[in-house]
A.B. asks: 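First the structure, which I've put down as structure tokens, then a few questions once you've had a look.
When a ligand or atom number is given, it counts from 1 through the structure's own listing order. Hydrogens, waters and symmetry mates play no part in the numbers below; they use all other heavy atoms, side chains included.
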Amino acid sequence: MAFDYDLFVIGGGSGGVRAARVAAQSGAKVALAEEFRMGGTCVIRGCVPKKLMVFASEFPHAVADARAYGWDAQIGDFSWPDFRAKLHAELSRLEGIYRNLLTKNGVTIHDARAVMKDAHTVTLSTGEDITAKHVLVATGGHPVLPDVPGAEHGITSNEVFLLETLPKRMLIVGGGYIASEFAGIMSGLGVETTQFYRGDQILRGFDDEARGMIADGMRANGVDLQTGTNIAEMAKRDDGIWVKDTNGAEMIVDQVMFATGRAPNTSGLGLGEIGVALGRGGEVVVDSYSQTNIPSVFAIGDVTNRVQLTPVAIREAMAFVATVFHGKPTPVDHELIPSAVFTQPEFGTIGLTEEAAAAQEPIDVYATSFKPMNHAFAGRDDRVMMKLIVSQASRRVLGCHIVADHAGEMIQLAGIAVKMGATKEQFDQTVAVHPTMAEELVTMKEPVRKT
Ligand code: NDP
């Protein structure tokens, strides 16, 4: 049977755009449908605008430091409208680049919603049916609101970049990446920021010592972080949003932002109807080649709910193209993924936490916490942490956790060694770069703990 296309991609985010472009470069006839803006969560309402907001929020610290270093520097007011206008101009520029990358490589773009009709056919919101030999579902995910009375008065990370005005008082709910990053951002921008987390400590699943240090740092930076607390009910009032928490305390804020997790975008896509297996959370179930139970249908990125990170979606896209269009079956490697959480202080991490490693085998823990040179000189109390988790048996570094300025940059590089299976002794054979913070990663002589 002749198909209109070799590949039809549903979703123009990081994963979908990469797969479409690379498949087209290898000679495939490709089309892509995107119902909103090209670039997806990462570019339009995630990583990119978030990181630009992190930069914006760091200037008060930078100016205070400048004074400590002898500059006659004063920070004035922050203009959210000015920043927001520039932010959105930048996002539009990036969106244009994504669009150009596709058209330049011969991908046909449909600015429409696509729904699957059968294993090889999609129906566009324009009414058109299009057939393809392979269909790739890369529709991403969306934030979920908790089931709390009045939750509809809150916003999510989708809306936060679009706010007309910056609130004076903001409550952020959740203890994951998004909540913790935005608590730091908003506080840095001068917003009176409260964060509610229902558990004992934010950033569940990460190294305990690092989590504690980040929480302390956030509090020291002015975030009113309350653990063991959640919203019991909320309502809109003339003077703001009234919130009653699960401990009975009440407060009035101007905005409530929920960062309480994300769910895959699979509803209304026709997937269940054509027999694609979905998991309990609505995610598309795929094998290690990103193939669903219907051989012509593949899925990558957040819609599969494997690891919700842009670079992982891109890896999945590349592996999909290699498997289907280059004749090289390539499973996706989800082992030892480095990542950064852009909290303030920043966190970079790869591999096992101390807790997970200790549960697995006997380990040596090498850790140091100190005031870095630049902070000490400026009279700041912030400390940094470098931590290596080492297998006693193999001496391999099983985990590396860094809480420090630029920890994201550091973990990208340390991650190469960890991914290669470097031992602690190989770390130590590397000469220190002095004076840096990262040199501590190769100069920690004695374990602080053996477990
Ligand atoms: P996460 O799953 O990381 O965190 C969700 C948080 O919300 C958890 O603290 C969870 O608590 C809490 N929560 C869940 N349900 C409720 C509820 N009903 N009431 C109160 N709290 C609740 O999701 P995020 O939305 O923060 O981020 C989604 C994903 O996006 C991340 O997993 C990450 O992969 C990705 N991301 C990555 C970034 C980066 O790389 N820097 C930045 C931003 C996002 P509990 O711990 O108790 O379950």
A.B. asks: Heavy-atom distance to atom 6 (C) of ligand 1: which of G408, A259, A179, S157 wins?
C.D. replies: A259
A.B. asks: Which ligand 1 atoms are under 4.0 Å away from a heavy-atom of Y197?
C.D. replies: 9 (O), 11 (O), 45 (P), 46 (O), 47 (O)
A.B. asks: Does the ring of F182 carry K50 above it, NZ/CZ under 6.0 angstrom from centre and within 45° of its axis?
C.D. replies: no
A.B. asks: Below 3.5 Å, N or O to N or O, backbone or side chain included: is there any such pair between V173 and ligand 1?
C.D. replies: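 Looking only at distances, the answer is no, because the N/O contact criterion of under 3.5 Å is not met.
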A.B. asks: Could you find the nearest protein heavy atom to atom 26 (O) of ligand 1 and give me its residue, atom name and distance?
C.D. replies: I178 N, 3.0 Å
A.B. asks: Just to confirm my output: which protein heavy-atom neighbour is closest to atom 20 (C) of ligand 1, and how far is it?
C.D. replies: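 The answer is N230 ND2, 3.1 Å.
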A.B. asks: In the protein, which heavy atom is nearest to atom 7 (O) of ligand 1, and how far is it?
C.D. replies: T260 CA, 3.2 Å
A.B. asks: Using heavy-atom distances, let me know which of C42, G261, G176, C47 sits nearest atom 25 (O) of ligand 1.
C.D. replies: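 The option holding the nearest heavy atom is G261.
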A.B. asks: Is there a donor-acceptor pair under 3.5 Å between the side chain of E439 and the backbone N or O of T436?
C.D. replies: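 Pair found, side chain donor or acceptor close to backbone of T436.
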A.B. asks: Run the numbers on Y289 and F320 for ring-ring contact (aromatic ring centres under 6.0 Å, His included), then give the verdict.
C.D. replies: CA-CA 6 Å; Y289 299 95; F320 159 75; over 10 Å; no
A.B. asks: Would one find an N or O of L309, backbone or side chain, under 3.5 Å from an N or O of ligand 1?
C.D. replies: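 No, no N or O pair falls under 3.5 Å.
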A.B. asks: Going by heavy atoms, is G199 under 4.0 Å from ligand 1?
C.D. replies: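 So G199 does not count as touching ligand 1.
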A.B. asks: Do any nitrogen or oxygen atoms of E181 come within less than 3.5 Å of a nitrogen or oxygen of ligand 1?
C.D. replies: yes
A.B. asks: Under a 3.5 Å cutoff, is there a donor and acceptor pairing between the side chains of S391 and E361?
C.D. replies: yes
A.B. asks: Looking at ligand 1, does A340 have a heavy atom less than 4.0 Å from it?
C.D. replies: yes
A.B. asks: Just which atoms of ligand 1 are under 4.0 Å from any heavy atom in K50?
C.D. replies: 41 (N), 42 (C)
A.B. asks: Can you tell me the protein heavy atom closest to atom 9 (O) of ligand 1 and the distance?
C.D. replies: G175 N, 2.8 Å
A.B. asks: Between R262 and ligand 1, does any nitrogen or oxygen pair lie at a separation below 3.5 Å?
C.D. replies: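 N/O-N/O distance below 3.5 Å does not exist for this pair.
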A.B. asks: Would K424 and D364 pass as an ion pair if we require N to O under 4.0 Å?
C.D. replies: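 Salt bridge absent between K424 and D364.
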A.B. asks: Parallel, tilted or perpendicular: which one describes the rings of H134 and F298, with boundaries at 30° and 60°?
C.D. replies: perpendicular
A.B. asks: Do any nitrogen or oxygen atoms of G174 come within less than 3.5 Å of a nitrogen or oxygen of ligand 1?
C.D. replies: no
A.B. asks: Apply the test side chain to side chain contact (heavy atoms under 4.5 Å, CB included) to residues D224 and E192: give CA-CA distance (whole Å), side-chain angles for both, the deciding distance (0.1 Å), then the verdict.
C.D. replies: CA-CA 8 Å; D224 176 16; E192 221 175 273; over 6 Å; no
A.B. asks: Verify whether one side chain among R449 and T451 offers a donor that lies under 3.5 Å from an acceptor in the other.
C.D. replies: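 Not at all, the side chains of R449 and T451 share no donor-acceptor pair under 3.5 Å.
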A.B. asks: Only heavy atoms count here, so choose which of Q308, R198, K51, Q201 is nearest to atom 11 (O) of ligand 1.
C.D. replies: R198
A.B. asks: Do me a favour and list the nearest non-hydrogen protein atom to atom 38 (C) of ligand 1 with residue, atom name and distance?
C.D. replies: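 Answer for atom 38 (C) of ligand 1: Y177 CD2, 3.0 Å.
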A.B. asks: Geometry only, no angles: is F342 polar-contacting ligand 1 at N/O separations under 3.5 Å?
C.D. replies: no
A.B. asks: Any donor and acceptor pair, going by atom type alone, linking the side chain of D302 with main-chain N or O of N305 inside 3.5 Å?
C.D. replies: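 Judged by distance alone, no pair lies under 3.5 Å.
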A.B. asks: What is the nearest protein non-hydrogen atom to atom 48 (O) of ligand 1, stated with its residue, atom name and distance?
C.D. replies: R204 NH2, 2.7 Å
A.B. asks: Could you tell me if E159 and T156 have a donor-acceptor pair between their side chains, going purely by distance under 3.5 Å?
C.D. replies: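 Yes, a side-chain donor-acceptor pair sits under 3.5 Å.
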A.B. asks: Is any side-chain N of the basic residue among R37 and E95 closer than 4.0 Å to the acidic one's carboxylate O?
C.D. replies: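 Salt bridge between R37 and E95, a charged N being under 4.0 Å from a carboxylate O: yes.
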A.B. asks: What residue and atom, counting heavy atoms only, is the protein's closest point to atom 18 (N) of ligand 1, and at what distance?
C.D. replies: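 Sorting protein heavy atoms by distance from atom 18 (N) of ligand 1 puts P146 CB, 3.4 Å first.
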A.B. asks: Are D254 and K168 within salt-bridge range, i.e. N to O under 4.0 Å?
C.D. replies: no
